[in-house]
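Letters A, B, ... mirror the listed sequences (proteins, then strands); counts begin at 1.
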Number of protein chains: 2
Amino acid sequence: MLTIGKLGEAAGVKVPTIRYYEQIGLLPAAERSAGNQRLYGRDTLNRLRFIRHSRELGFALDDIRELLSLSDTPDQPCAAADVIARRQLAYVNRRISRLNALREELTRMLDQCSAGTIANCHVIEVLGNHDLCAHDHDMAGEGPLI
Amino acid sequence: MLTIGKLGEAAGVKVPTIRYYEQIGLLPAAERSAGNQRLYGRDTLNRLRFIRHSRELGFALDDIRELLSLSDTPDQPCAAADVIARRQLAYVNRRISRLNALREELTRMLDQCSAGTIANCHVIEVLGNHDLCAHDHDMAGEGPLI
DNA sequence: CTTGAACCTATAGCCGCTAGAGATCCTATC
DNA sequence: GATAGGATCTCTAGCGGCTATAGGTTCAAG
């Protein structure tokens, strides 16, 4: 049996995060020692590793919840997992293209900066006047801007 | 003079967001009409457009605060603005390479999925076992995961 | 037996908004 | 002038995914 500290170390997850996962029901309520401290077995370690890896791949906690429940039913078809992963991939792709546009714009801004005063600073100028932008990097409603 | 609704429309910013910006001091407290409603002039419209464009480029509100105060001192050298923009570019670049790694990993996961049951689903398997990953996409301490 | 690290709970804060309640104001139409 | 309905006002709470702090308890080593 692992204490919460050992579990966190083994899974690469911070202790308060583990407690948070328990709180939101992503991890089951842990067994407790005589002194009321959480104790974990191998199963929870695996579950936590699964969560961590999924987070590293950018999945939202709600998606992870669903993936976890899928992984508990081994004889179901895996189409549902596929759908979630494809959605995530699409999301990552959208993010990448958005960020590429930002990179271009920032690069152009900086390239044209003559390192003079604010009055003729291209950086400040571009920020104040969207018309100076090559792209329409609006993408309103596409989720967080970065 | 513009009402808050017209201002928001003209700048492409939602009304509650404008009030929020005022609350955190990014916009100055607005003039008020006889009936206590906010009224704005051209200067605030420009300021709000500056903010919006900066947000579209992913700058944090604190950076924008600084950029705004720089833009108010036209005869200062623009090196400070340059530093902020370069930092932002570096941040965007880090984000992009992280997302590219995620994309690769997600793509590989999906490519190898045989569309069978969960039990032999590569997606679920990879999520549970980090060793199956080609990359180390950890990047702990590099800010939010996505 | 004492120290100090690790644990416990509970609460508040981070960012950048967004949503809701309930009240007030402004404008257009009858 | 009345009335409807949109736009505005303030205030508070919530989102995601944690992180930090305070103040207390338990545990393991010396």
J.: In whole angstrom, what separates Glu22(A)'s CD from dC7(C)'s C1'?
T.: 13 Å
J.: Just how far, in rounded Å, is P of dG14(D) from OH of Tyr20(B)?
T.: 17 Å
J.: Is Leu67(A) linked to Leu110(B) within one hydrophobic cluster, defined over Ile, Leu, Val, Met, Phe, Trp and Tyr using a side-chain heavy-atom separation of less than 4.5 Å?
T.: yes
J.: Looking at every strand, decide which applies to Ile24(B) at a 4.0 Å heavy-atom threshold: base, sugar-phosphate, or nothing.
T.: nothing
J.: Distance check: side-chain N/O of Thr17(A) vs OP1/OP2 of dG17(D), anything under 4.0 Å?
T.: no
J.: Nearest to the side chain of Gln37(A) - dG17(D), dT26(D), dG16(C)?
T.: dT26(D)
J.: Is Arg19(A) salt-bridged to Glu22(A), going by a charged N under 4.0 Å from an acidic O?
T.: no
J.: Please give, in whole Å, the distance from dT18(C) P to Gln23(B) CD?
T.: 14 Å
J.: Just to confirm, is there a sub-4.0 Å distance from OP1 or OP2 of dT9(C) to any side-chain nitrogen or oxygen of Arg38(A)?
T.: yes
J.: Heavy atoms from C-beta onward define the side chain here; which of dC8(C), dG17(D), dT19(D) lies closest to that of Leu61(A)?
T.: dG17(D)
J.: Check whether any side-chain heavy atom of Leu27(A) lies under 4.5 Å from a side-chain heavy atom of Ile51(A), and answer yes or no.
T.: yes
J.: Of Gly35(A) and Pro16(A), whose closest DNA chain D nucleotide lies nearer the 5' terminus?
T.: Pro16(A)
J.: Using a cut-off of strictly less than 4.0 Å, decide whether Arg32(A) has a side-chain nitrogen or oxygen near OP1 or OP2 of dT25(D).
T.: no
J.: Do any side-chain nitrogens or oxygens of Arg19(B) fall under 4.0 Å of OP1 or OP2 in dT18(C)?
T.: no
J.: Find the distance Tyr40(B):OH to dA7(D):C1' and express it as a whole number of Å.
T.: 14 Å
J.: How close or far is atom C1' of dC25(C) from atom NZ of Lys6(B), stated in whole angstroms?
T.: 16 Å
J.: What's Tyr21(A) touching, base or sugar-phosphate or nothing? Going by heavy atoms closer than 4.0 Å.
T.: sugar-phosphate
J.: Starting at the 5' end of DNA chain D and moving along, which residue's nearest nucleotide shows up first, Ser33(A) or Ala60(A)?
T.: Ala60(A)
J.: Closer to the 5' end of DNA chain C via nearest nucleotide, is it Phe59(B) or Asn36(B)?
T.: Phe59(B)
J.: Is there a side-chain polar atom (N or O) of Arg65(A) under 4.0 Å from OP1 or OP2 of dG17(D)?
T.: no
J.: Does the side chain of Glu31(A) come within less than 4.5 Å of Met1(A)'s, by heavy atoms?
T.: yes
J.: Hey, is the side chain of Thr3(A) poking within less than 4.0 Å of OP1 or OP2 on dC7(C), counting only N and O atoms?
T.: yes
J.: According to a strict under-4.0 Å criterion, is Lys14(B) in side-chain N/O contact with OP1 or OP2 of dT18(C)?
T.: yes
J.: Mind calculating the distance between CG (Leu26(B)) and C1' (dG16(C)) to the nearest angstrom?
T.: 11 Å
J.: Between atom CD in Glu9(A) and atom P in dC7(C), what is the gap in whole Å?
T.: 9 Å
J.: Heavy-atom count around Arg32(B) CZ within 6.0 Å, excluding the residue itself: above 12?
T.: yes
J.: Nearest whole angstrom, please: distance from the P of dC9(D) to the CD of Glu31(B).
T.: 13 Å
J.: Less than 4.5 Å apart, side chain to side chain, heavy atoms only: is that true for Leu68(A) and Arg47(A)?
T.: yes
